[in-house]
Colleague: 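I have a structure I would like to understand better, so I am pasting it below and will then ask my questions one at a time.
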Amino acid sequence: MEIETLSCVVKGKLDLDVITQQIEYDENSPSQTLVQITRGGICGSDLSYYQHGKIGNFEIKHPMILGHEVIGKVVKTNDPTLYVGQKVAINPSKPCLKCKYCLSGETNQCETMRFFGSAMYNPHVDGGFTQYKVVDNAQCVDYPQEAPDEVMAFAEPLAVTIHAAKQAGDLTGKKVFVSGVGPIGCLVVAAVKTLGASEIVCADMSQRCLDLATAIGATKTLHAANDDFSSYAEHKGYFDVSFEASGHPSSIERCLAITKARGTLVQVGMGGVVPEFNMMTLIAKEISWKGTFRFVEEFNTSVEWLSSGKVNPLPLLSKVVPFQAFEDAIKLAGNKNEIAKVQLSFE
């Protein structure tokens, strides 16, 4: 069957549109489900495609549907575990399930991952900011019907931070530092709190962001430029684990200074090439510096935490905008001085 859908696309730098498209759904497909999108969160990668026309070396070559933080309702499916009208969070990851990483359960490292809203390949991989989308059955994660859309649309970014938190091992009773508390940094706070951290100290240049970190579970906040961190650097560092969520070189330096000897630094923030840092600190203190990328089973964990109320992300929700006003919404999301998270409504 052919379905008409309105889609939010990026065509290049500062060039967005809402266009009509036709998509095909095979009603006899045993492996695919047709979903009506209900809500989607605008992410930093969506902003980068709009503001720069690319992410890194992945440049927009033709119109691409943005969006990977989406939820929806089942319209048609042959999957016996799903039913029409069922609310689902949509996992934007589509790994190959054949490469050595997929076969070992490390699907986030898939060599040919097709992730929603990515210009890595040409043709690009369309995202979820569209009224109707055909997805693999396995990408649909159901949740209780009464769970609010505005909460469940945080499933993807929360999954990213649960995966990041797990890079540090058991966090029960641990002292944790989070540097950079935009939406992802704040969700790191929520994740480590849920996983048992006893103390969560956060730093940022923005008092608004620090206030949001407090609202979501931080035990203490410090202004990155104006407050004194020297006491945390004494005796080779104070924190068991630091999460660097800004990508700024000075933030990395601070994390290395105040993470205790043999502690762990988890790199969440994406920056460019770090021009210089004190490698001797890393070596002499035997700090484990770990990267973190997307998620695996943590997406399902995120859906459970949100639907059960273990995590309340709503302090981060700044605005809900109808998808027809896509350009207004993405410009609003780019106002980092006043805005945390903007969601698009497709209903």
Side-chain angles (χ1 to χ4, degrees), residues 1-9 20-41 62-145 147 149 152-153 155-156 158-160 163 293-304 306-307 346:
M1 63 181 293
E2 190 172 70
I3 303 104
E4 185 173 281
T5 183
L6 289 173
S7 302
C8 302
V9 301
T20 301
Q21 295 180 312
Q22 304 293 326
I23 61 172
E24 291 285 342
Y25 174 66
D26 179 1
E27 294 182 85
N28 298 313
S29 172
S31 61
Q32 292 191 314
T33 292
L34 176 64
V35 177
Q36 179 184 359
I37 303 299
T38 53
R39 189 68 67 95
H62 57 79
M64 178 182 78
I65 303 173
L66 286 176
H68 55 265
E69 301 178 8
V70 290
I71 60 172
K73 295 177 183 177
V74 174
V75 177
K76 288 183 178 292
T77 187
N78 291 309
D79 187 328
T81 67
L82 300 172
Y83 60 86
V84 174
Q86 184 174 27
K87 289 184 176 182
V88 290
I90 303 172
N91 188 328
S93 302
K94 189 174 179 179
C96 72
L97 303 180
K98 296 177 181 179
C99 70
K100 65 179 181 180
Y101 297 106
C102 286
L103 293 175
S104 66
E106 300 165 314
T107 52
N108 64 320
Q109 297 295 337
C110 174
E111 294 180 75
T112 55
M113 172 68 79
R114 298 186 66 81
F115 196 85
F116 278 11
S118 170
M120 179 177 179
Y121 302 107
N122 191 13
H124 306 325
V125 181
D126 281 326
F129 289 166
T130 184
Q131 289 176 303
Y132 295 95
K133 188 164 182 68
V134 177
V135 300
D136 287 355
N137 299 342
Q139 291 178 277
C140 297
V141 181
D142 68 300
Y143 59 86
Q145 298 293 290
D149 288 353
M152 299 312 300
E156 195 275 345
L158 179 61
V160 168
H163 184 75
F293 188 61
R294 291 180 182 157
F295 43 81
V296 187
E297 76 287 347
E298 293 91 357
F299 189 87
N300 295 57
T301 302
S302 175
V303 171
E304 191 278 320
L306 291 168
S307 61
F346 288 84

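Every value quoted in this text rests on a predicted model; they were computed, and no experiment measured them.
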Colleague: Heavy atoms, side chains only, cut-off 4.5 Å: are Val134 and Thr33 in contact?
Modeller: no
Colleague: Apply side-chain contact (heavy atoms from CB on, under 4.5 Å) to Val74 and Tyr83, showing your working.
Modeller: CA-CA 7 Å; Val74 174; Tyr83 60 86; over 6 Å; no
Colleague: Look only at the side chain of Ser302 and the backbone of Ala155, and say whether a donor-acceptor pair between them is shorter than 3.5 Å.
Modeller: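 Checked: pair present.
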Colleague: Side-chain donor-acceptor pair under 3.5 Å between Asn137 and Ser31, yes or no?
Modeller: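 Note: Asn137 and Ser31 side chains miss the donor-acceptor criterion.
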Colleague: Please confirm whether the backbone N or O of Glu156 pairs with a side-chain atom of Glu69, one donor and one acceptor, at under 3.5 Å?
Modeller: no
Colleague: Does the Lys NZ or Arg CZ of Arg39 fall within the cation-pi geometry relative to Phe346 - under 6.0 Å from the ring centre and within 45° of the axis?
Modeller: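 No cation-pi geometry.
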Colleague: With no hydrogens and no angle check, do the side chains of Thr81 and Asp79 hold a donor and an acceptor under 3.5 Å apart?
Modeller: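 Present: a donor and an acceptor within the cut-off.
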Colleague: Taking the side chain as every heavy atom from C-beta outward, state whether Lys87 and Ile71 have any pair of such atoms under 4.5 Å apart.
Modeller: no
Colleague: Are Thr20 and Glu4 packed together at the side-chain level, in the sense that at least one heavy-atom pair is separated by less than 4.5 angstrom?
Modeller: yes
Colleague: Assign the ring pair His124 / His62 to parallel, tilted or perpendicular, where the plane angle (0 to 90°) is split at 30° and 60°.
Modeller: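 Plane angle under 30°, so parallel.
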Colleague: How close do Val70 and Gly128 get, counting heavy atoms only, and between which atoms?
Modeller: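 That closest heavy-atom pairing would be CG1-O, 3.6 Å.
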Colleague: I'd like to check Asp126 versus Met64 (side-chain heavy atoms, cut-off strictly below 4.5 Å). Are they in contact?
Modeller: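 Yes. Closest side-chain heavy atoms under 4.5 Å.
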Colleague: Looking at residues at least two apart in the chain, or sitting in another chain, which of them share a salt bridge (charged side-chain N to carboxylate O under 4.0 Å, His left out) with Glu27?
Modeller: Lys76
Colleague: CZ of Phe299 to OG1 of Thr107: how many Å apart, nearest 0.5 Å?
Modeller: 12.5 Å
Colleague: Report the C-alpha distance between Leu306 and Leu158 in whole Å, list the side-chain angles of each, state the deciding distance to 0.1 Å, and finish with yes or no for side-chain contact (heavy atoms from CB on, under 4.5 Å).
Modeller: CA-CA 9 Å; Leu306 291 168; Leu158 179 61; 3.7 Å; yes
Colleague: Less than 4.5 Å apart, any side-chain heavy atom of Arg294 and any of Gln109?
Modeller: no
Colleague: So, does Asn78 use its side chain to make a donor-acceptor pair with the main chain of Ser29 at under 3.5 Å?
Modeller: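 Yes, because the side chain of Asn78 sits within donor-acceptor range (under 3.5 Å) of the backbone of Ser29.
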Colleague: With no hydrogens and no angle check, is any side-chain donor or acceptor of Gln36 less than 3.5 Å from a backbone partner on Gly72?
Modeller: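 Side chain of Gln36 to backbone of Gly72, a donor-acceptor pair under 3.5 Å: no, none is there.
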Colleague: Let's go through Phe295 and Asn91 carefully: what are the C-alpha distance in whole Å and the side-chain angles of both, what is the deciding distance for side-chain contact (heavy atoms from CB on, under 4.5 Å) to 0.1 Å, and is it a yes or a no?
Modeller: CA-CA 10 Å; Phe295 43 81; Asn91 188 328; 3.4 Å; yes
Colleague: Can you check whether Val303's main-chain N or O pairs, donor with acceptor, with Ser307's side chain at less than 3.5 Å?
Modeller: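 Side chain of Ser307 to backbone of Val303, a donor-acceptor pair under 3.5 Å: yes, one is there.
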Colleague: What do the steps show when you test Cys99 against Thr112 for side-chain contact (heavy atoms from CB on, under 4.5 Å), and what is the final call?
Modeller: CA-CA 8 Å; Cys99 70; Thr112 55; 5.9 Å; no
Colleague: Hey, are the side chains of Phe115 and Lys94 touching, using non-hydrogen atoms and a 4.5 Å cut-off?
Modeller: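 With C-beta onward as the side chain, the pair stays apart.
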Colleague: Ignoring hydrogens and geometry, is there a side-chain-to-backbone donor-acceptor pair from Gln139 to Asp136 under 3.5 Å?
Modeller: yes
Colleague: Can you sort out the partners of Lys73 under salt bridge (charged side-chain N to carboxylate O under 4.0 Å, His left out), two or more places apart, ordered by chain and number?
Modeller: Glu347
Colleague: Check whether Phe116 forms a cation-pi arrangement with Lys133 (NZ or CZ under 6.0 Å from the six-membered ring centre, at most 45° off the ring normal).
Modeller: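 Positive - Lys133 is close enough to the ring of Phe116 and near enough to its axis.
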Colleague: What distance do Gln131 atom CD and Thr38 atom OG1 have between them, rounded to the nearest 0.5 Å?
Modeller: 12.0 Å
Colleague: I'd like to know if the side chain of Gln21 pairs up with that of Ser7 as donor and acceptor (distance under 3.5 Å, no hydrogens or angles considered).
Modeller: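 Ser7 and Gln21 do have a side-chain donor-acceptor pair below 3.5 Å.
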Colleague: Atom CG of Leu6 and atom CD1 of Ile37: how far apart are they, to the nearest 0.5 Å?
Modeller: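 Between atom CG of Leu6 and atom CD1 of Ile37 there are 13.0 Å.
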Colleague: Is a side-chain N or O of Glu298 found less than 3.5 angstrom from the main chain of Val296, in a donor-acceptor match?
Modeller: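 Side chain of Glu298 to backbone of Val296: a pair is present.
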Colleague: What is the minimum heavy-atom distance between Val75 and Val35, and which atoms define it?
Modeller: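 Nearest heavy atoms, Val75 then Val35: CG2-C, 4.1 Å.
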Colleague: With a 4.5 Å limit on heavy-atom distance, are the side chains of Tyr101 and Cys110 in contact?
Modeller: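 Sidechains of Cys110 and Tyr101: no contact.
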Colleague: With no hydrogens and no angle check, is any side-chain donor or acceptor of Thr5 less than 3.5 Å from a backbone partner on Tyr132?
Modeller: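 Looks like yes, one N/O pair under 3.5 Å.
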Colleague: Taking side chain as C-beta onward, heavy atoms only, is Met113 less than 4.5 Å from Ser93?
Modeller: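 Yes; the side chains approach each other to less than 4.5 Å.
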